[in-house]
4 protein chains.
Amino acid sequence: MKKNKPKYNQIIEAAVQVIAENGYHASQVARIAQKAGVADGTIYLYFKNKEDILISVFEEKMGQFIEKIAHGISDKNNADEKLFTLIDMHFRQLSKDHYLAIVTQLELRQSNTKLRLKINQVLKPYLVIIDDIIKEGTRENIFRSNLNIQLVRQMIFGTLDEIVTNWVMKEQKYDLVQQATDVHEFITAGLSVKK
Amino acid sequence: MKKNKPKYNQIIEAAVQVIAENGYHASQVARIAQKAGVADGTIYLYFKNKEDILISVFEEKMGQFIEKIAHGISDKNNADEKLFTLIDMHFRQLSKDHYLAIVTQLELRQSNTKLRLKINQVLKPYLVIIDDIIKEGTRENIFRSNLNIQLVRQMIFGTLDEIVTNWVMKEQKYDLVQQATDVHEFITAGLSVKK
Amino acid sequence: MKKNKPKYNQIIEAAVQVIAENGYHASQVARIAQKAGVADGTIYLYFKNKEDILISVFEEKMGQFIEKIAHGISDKNNADEKLFTLIDMHFRQLSKDHYLAIVTQLELRQSNTKLRLKINQVLKPYLVIIDDIIKEGTRENIFRSNLNIQLVRQMIFGTLDEIVTNWVMKEQKYDLVQQATDVHEFITAGLSVKK
Amino acid sequence: MKKNKPKYNQIIEAAVQVIAENGYHASQVARIAQKAGVADGTIYLYFKNKEDILISVFEEKMGQFIEKIAHGISDKNNADEKLFTLIDMHFRQLSKDHYLAIVTQLELRQSNTKLRLKINQVLKPYLVIIDDIIKEGTRENIFRSNLNIQLVRQMIFGTLDEIVTNWVMKEQKYDLVQQATDVHEFITAGLSVKK
DNA sequence: GATGAATGAGTCTTCATTCAT
DNA sequence: CATGAATGAAGACTCATTCAT
């Protein structure tokens, strides 16, 4: 399995840096190879082509991102806590890794439609996690029962995504993580059973 | 003023079509010229360069989009009605113009970071409108008084934007406008003074 | 019609020279452009791709080659004279244009099978001319009546082609045209002592 | 001597197959190694470089080809019989080995000029055999005495070669061997009606 | 104002060959 | 002897922009 070889990860890490520093379209394969400390041709022993590098970057990084969140909420006791944890960890992880934030929020969005569809595939498990929280909240009777799950999921994801993008575009000048409370409150109020 | 000359608009309309049909990266200046019925060189009598065309497309189309919404909410009596009207018109306008929806939600997002910052400038008046509605709601005591306006605005815009993007990506197979009620309810519940 | 524009012919002539001097595989488009005195991109206004240049070189040059021979034999009175004229002109034309001889006998043979099939199409009219001479000779009762035309044509063309190729490979150190008589005699008379 | 080791021949046989199946330019060293069941690097223990493989293929195969013909004509009693045997065996051997026919008639011709000169060296013994037959025929007074041997040899070889190439290009749809009689007759008798 | 022929910079990918094991 | 992972040079083609007419 190529993914376990050290050069595979070297190239992935180099790609994140090069894309973050130069922008999506100025990211030449030669520059990625150079930063990874391998020859140009070596890239093609591990990746089919340039697009494959970009998809793999997203798969690897978002895969870990999602897995951590999945793990983080697994020991929470109810949908409300899980939702807060998800928001908090979403912001916290991207806060910690500036390069990753730039790449996922700005640069990889510049990819063509084909690549974006692949990216959507990678995101699917995250959307499923959100769906599950909504369903659990409904079962626990803390969220309203007549929610359009698909729509609510889009609203939650859209909210988080837009907030992170704004933060990245404003060059990360303020603290993203501390927004989690307000965002959680806003979303919860929208979802909750009125009392 | 060049904007009043017929060829200016011909080129803008041609650009929207070409981008919608071929995608952002396959949109060559020569193809836009051809569809507009002018020579390649003529483009450069009306626009500084290719980027200028794309920005102008966004300015013209989003300018009208925003203006219509501004006008639409001007005769509403309170923040709640205004918010619903904004959501409804946001969805309604993009529903009516498929080309525009594809271009603004998918294709222009593929532009580089510099262009996206310019696009953000164009969107600013729209964000101000949202801000004003939130402030008015607070004054009218129908929205909570401790809202972080900047954050709430991002959440509202993010929500609307994500919902439209999902609708475009699913090839506009369902009715977008009828989602307005649920979206309005979700947002309102989040914003409202608890009773 | 692009073929009548001066740059089309400039590029064709440049291509013949570059291929003759550098060999088929070392013939870069950039070098052809340089020798033709045009920009690299200009090549692609007149030719679809590199292969198209090579095919066109062959079409143009062999087209003229064949046409001259067709014209040259048109006023001859019998098959024997026509055959001699064909051999003589075949040798004479390639003798005069060393570059062309190298390109047609050595370099273009290095092309891939697809290109070679196209080259065969171009050669077809020449083979038809040979066929016609054989048929005429049979009608005139100076050639045998039981000839397998397809086979005889291959033998005649193979003979001429091999002789020219040998002459080119020996760096054109001897006079090709003066071989015409012997070749003509061999073809008409064969090896045997007449009885 | 490396030639006697089994891997040498494995590689030669693999090369013939790979070239016949994929064409000259698509014949990568890695593919030949794979088909031969050895590692890429092993190739270079037996051959200096890729060109050396190709030359060796030609040497080995054409060496056998020529040797068999030399042996086949050795017990014939006169030049005429020898010439017929040469033609018949030339056609017969290539008829039997489709791969070899494709490789020698089409694919190896795509090699560069330098390689073709080496190939000509390999063919030299065959040309000598033809020369000897012509000389013997002259001595035996069955061929004309005033023949230009070099030229006649080119004509004979060119004839045979062109006929085989045509047969290969027409995908070997007809019987090549049965052409031998006509070809022999043409070469000995020429086109003319005997007087 | 309008044209469109001409320009030329910029980059991904292949594959023969090497060499540490 | 044998391996196969790693190397790195080399070139066709596109397309935004210009400028002589």
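Side-chain atoms are counted along with the backbone in the values below, which use heavy atoms only and exclude waters and symmetry mates. In this text, all values refer to a predicted model and were calculated from it rather than measured experimentally. In the text below, chain A, chain B and the rest are named by the order of the sequence lines, each starting its count at 1.
Place C/G41 and B/G41 on DNA chain E by their nearest nucleotides, and B/G41 ends up nearer the 5' end. In terms of position along DNA chain F, the nucleotide closest to D/G37 lies nearer the 5' end than the nucleotide closest to the other residue of the pair D/G37 and B/V29. Along DNA chain F, the nucleotide closest to C/A26 and the one closest to B/Q28 are compared, and the more 5′ of them pairs with C/A26.
Put simply, CG on D/D40 is 16 Å from P on F/dT7, counting in whole angstrom units. Distance D/E51 CD to E/dT17 P: 9 Å, rounded to the nearest Å. Regarding A/R31, its CZ atom lies at a distance of 17 Å from the P atom of E/dT13, rounded to whole Å. When the P atom of E/dA2 is taken as reference, atom NZ of B/K5 falls 7 Å away, rounded to whole Å. In this structure, C/Y8 atom OH and E/dA6 atom P are separated by 15 Å, rounded to whole Å. Rounding to whole angstrom units, CG of residue A/L54 and P of E/dT11 are separated by 15 Å. Rounding to whole angstrom units, CG of residue C/D52 and P of F/dA12 are separated by 14 Å. We find that CG of D/L45 is positioned 11 Å from P of E/dT18, with the value rounded to whole Å.
Atom CZ of B/R109 sits about 8.0 Å away from atom CD1 of B/I119, to the nearest 0.5 Å. Atom CD1 of residue C/I53 and atom OH of residue C/Y44 lie 6.0 Å apart, to the nearest 0.5 angstrom.
Phosphate proximity of E/dT7 to C/T42: present, with a side-chain N or O under 4.0 Å from OP1 or OP2. Using a 4.0 Å cut-off, no side-chain N or O of A/K50 falls inside it from OP1 or OP2 of E/dT13. Considering only side-chain N and O atoms, D/K7 lies under 4.0 angstrom from the phosphate OP1 or OP2 of F/dA2. Between E/dT13 and A/K48, no contact under 4.0 Å exists linking OP1 or OP2 to a side-chain N or O.
Between the side chains of C/Q34 and C/D40, no donor-acceptor pair is found at a separation under 3.5 Å. No hydrogens or angles considered: nothing links the side chains of D/Q10 and D/Y46 as a donor-acceptor pair under 3.5 Å. Side-chain atoms of B/Q110 and B/E107 include a donor-acceptor pair closer than 3.5 Å.
Across all strands shown, E/dC15 forms a Watson-Crick or G-U wobble pair with F/dG8, both key distances being under 3.5 Å. With a cut-off of 3.5 Å on both Watson-Crick or G-U wobble distances, the partner of F/dA20 is given as E/dT3.
You'll find that the side chain of B/Y44 is closest to F/dA16, out of E/dT7, E/dG1, F/dA16.
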